[in-house]
Amino acid sequence: MAQVQLQNVVKKYGAVEVVHGINLEIADNEFVVLVGPSGCGKSTTLRMIAGLEAISGGDISIGDRVVNDLPPRHRNISMVFQNYALYPHMTVRENLGFSLQIAKRPQAEIDKAVDEAAQILSLAEYMDRKPGALSGGQRQRVAMGRAIVRHPEVFLFDEPLSNLDAKLRTQMRTEIKKLHQKVKSTIVYVTHDQVEAMTLADRIVIMRDGHIEQVGTPLEVFETPANTFVATFIGSPPMNLLSGQIAGGEVAIDGGPKVTLPDQFAGKVQDGQKVILGFRADNLMPEGHAMPMEGASAEFEMVVNLSEPLGTETLLFGSLAGKEVQAKMLNPRPVADGERLQFQLDLTRCHLFDAETQQSLR
Amino acid sequence: MSRFRPPAWFVLLLPAIIILAAVVLIPLILSFYSSFTPYKLTRPETLYKWIGTFNYEKAMKSVHFWSAFGRTVLLLTVALNLEMLLGLGLALLVNKVTYGQRALRTIMMFPMMFSPVLVGFQFKFIFNDNVGLVNNALQSLGLTDRAIPWLVDGQLAFFSIVVAEMWSSTAVFAILILAGLFAVPRDPIEAAKVDGCTPWQSFRHITLPYVMPFIYIALAIRSLDVARAYDIVQIMTNGGPARRTELLWTLIGRTGYVDAKMGYANAMGYISIFLAIIFTVYFFRKLNAARSELGMAG
Ligand SMILES: Nc1ncnc2c1ncn2[C@@H]1O[C@H](COP(=O)(O)OP(=O)(O)OP(=O)(O)O)[C@@H](O)[C@H]1O
Ligand SMILES: [Mg+2]
């Protein structure tokens, strides 16, 4: 059993606090992804779990043990580093077997574990090469192999795919997913790529400036973002956000049209409250090129400044109340720049955030 | 009429060739030639008498030569190993220091700034049996009431020379190894920690292989240094007493300039150069092996 718990974990470098008391519970065998913009403290958090960075406050426990003062070697973890961190003077075979060698396991057992890892990651051909003679993707797999031979309780991945090209990245993403199904263990995975986060995670942890903004399944954070930051960070293109005010049963977009207050927010807002209306491009479509909208919808006109045909759909960049708004067009037809179209907004899929706190009003 | 015109590159290189010939080639050939004559500085005409390999045979059969040879190899082995270990330790300590490391590095290099002759005088005084610091200190502390003959007893004199060598040159190792430690990347060390290594195991399996090439460079440089060791020993003991600390080059120097037997001295010189070459080749082999181990060799 290897659940991981972070309680009020703080990290300070000198006087600078970079992680501000985060709380997180990761269940056994769960695949948790930490995402967030650069510098938000993802690596620091991961390194604290690994024991490579001392914590300045709070408690970290792995399994039933509090590991605050335990050196990495006693934590039963494996880590895959962003830049592989292979041992350059050892062959692939030695790299893979190193941890078992250090643990003084019998040679037969080491060989078996190494061969098994090589099998899973198709490394058999390269076993006698040094890392210097491998491509980036191959090194990546060695780094992964080195992590799995130990059968640790917890895997820690720090942006393992960031150095790979797009194709290899997709391929390795699938490999990691398969790996998790094969070797059941807890995984904490750091990335700043939200697609990686969405595809891999059982649960996503979104961080910003050393705080956790939201924790949830990929669908939860996509469909019910806790605040405007998560709303724009998760999903591509980012959610459209327009500021406005509650007026009667309507949301009056500043300098723009009024839309009916979506049902899901009835009773949760006060008249005159300043709010931010959020909706994704997928829920704003031109008339005649939209999905049938079953629930309530709003209609308004918008000028299209630019269109990006993607094949099955076209991404439209319009402007509404002086702000850029993105919309999607199904069964696309060519759209001239500057064309004025009638749009339909799916109100059931709209979000409202408080303008002051930026938190969701749901 | 056609005159011979040397190619342009030859003309351009000619000054360099002439200078090199004058200062390197001619002395080299001359000394090599003289090692086949009974040349004595006091009797210049002996330079023209060819005696074949007589001097070499004489050296090969000479007990003095071989004991000096052996002692040089011994000094080289003992001093280099001790300096290497001490330098490694020093470098590891200095590497841990975060505040004032620059100053420390500079201080560490002080002994290298002393002329070896001065180091010789300094340690001659320190180990002097009557007025020396060591004996005074030992006697004041009541550890002994005799005057220990540091520079007179054969083994103690050898020990004193090793100490002087170490004092003056451990810094060479420390500085080079420190440079090596700076070059060790942090990631593999962290990976090793996660992989279950104790601090000693990380050092043994990760840090040391990175530092090894630097150690071999230091060993190569220092082995040449010690193989031609002359000044410190010359000052401290003059190879004596009764040849007990005679090294190759003090022997050769004495034979050439005191006994004036230049031809014989040159013959011994050429034999000992082999010693230096063998050590250098050996360490460079090791260096290349260590580098290719790290995937650094071309
Ligand atoms: N040794 C250090 N001393 C001081 N500040 C540090 C140190 N290491 C990291 N930081 C700071 O801590 C913050 C978090 O860094 P961290 O490496 O965890 O970011 P990250 O989320 O992993 O970013 P990225 O996606 O760019 O890797 C950053 O603002 C960084 O400047
Ligand atoms: Mg990082």
Side-chain angles (χ1 to χ4, degrees), chain A residues 14 43 46-47 49-54 70-92 94-105 129-134 139 142-158 160, chain B residues 84 88 91-92 95-101 176-177 179-219 283-298:
Chain A
S43 299
L46 200 70
R47 292 168 55 82
I49 299 176
L52 293 171
E53 209 76 70
L70 235 46
R73 64 176 189 278
H74 294 317
R75 295 193 183 194
N76 200 8
I77 44 155
S78 276
M79 183 154 172
V80 178
F81 292 79
Q82 184 162 353
N83 33 15
Y84 320 133
L86 300 179
Y87 309 123
H89 54 297
M90 299 182 197
T91 61
V92 170
E94 288 163 345
N95 261 286
L96 293 178
F98 184 67
S99 58
L100 299 181
Q101 214 95 52
I102 287 296
K104 300 213 169 64
R105 297 283 181 71
R129 291 202 208 164
K130 298 243 171 94
L134 296 178
R139 286 181 210 182
V142 178
M144 206 106 80
R146 193 173 60 178
I148 64 175
V149 289
R150 302 184 51 208
H151 296 292
E153 292 187 318
V154 183
F155 280 103
L156 305 172
F157 290 88
D158 191 356
Chain B
M84 194 256 280
L88 182 63
L92 286 172
N95 193 35
K96 287 268 180 241
V97 175
T98 46
Y99 184 77
Q101 200 197 61
L176 280 168
I177 292 173
L181 287 175
F182 287 164
V184 178
R186 200 180 63 161
D187 288 344
I189 303 269
E190 291 191 335
K193 280 190 198 162
V194 173
D195 265 350
C197 284
T198 60
W200 160 249
Q201 286 169 323
S202 319
F203 172 77
R204 167 71 192 76
H205 294 288
I206 315 298
T207 311
L208 201 56
Y210 269 100
V211 174
M212 238 29 223
F214 292 83
I215 291 182
Y216 284 125
I217 289 173
L219 282 172
F283 286 129
F284 270 91
R285 284 254 171 84
K286 289 284 214 180
L287 170 64
N288 276 332
R291 276 169 58 83
S292 64
E293 178 93 330
L294 285 174
M296 291 201 290

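Note on naming: letters A, B, ... go to the chains in the order of the sequence lines (proteins, then strands), and numbering restarts at 1 for each one.
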On a heavy-atom basis, the closest approach of B/A191 and A/A85 is CB-O, 3.7 Å
Exercise. Below 4.5 Å, heavy atoms only, C-beta onward: do B/P188 and A/H89 meet side chain to side chain?
Worked result: no
Answer yes or no: does atom CZ of B/F182 have more than 12 heavy-atom neighbours from other residues, nucleotides or ligands under 6.0 Å? yes
Under 4.5 Å to a heavy atom of chain A? For B/E190 that would be both
*Looking at B/H205 versus A/F98, is the centre-to-centre ring distance below 6.0 Å?*
yes
Are the side chains of B/D187 and A/Y87 in contact, using a 4.5 Å heavy-atom criterion? no
Of all heavy-atom pairs linking A/R73 and B/P199, the shortest is NH1-CD, 3.7 Å
Nearest heavy-atom approach of B/V194 to A/M79 is CG1-N, 3.6 Å
Highest number of heavy-atom pairs under 4.5 Å with chain B among A/V80, A/L86, A/N83, A/L100 belongs to A/N83
Residue set satisfying side-chain contact (heavy atoms from CB on, under 4.5 Å) with A/L70, at least two apart, ordered chain then number -> A/R65, A/V67, A/H74, A/R75
Closest non-hydrogen contact found for B/K193 with A/P72 is O-CB, 3.8 Å
d(A/L52 CG, B/I189 CD1) to nearest 0.5 Å is 11.5 Å
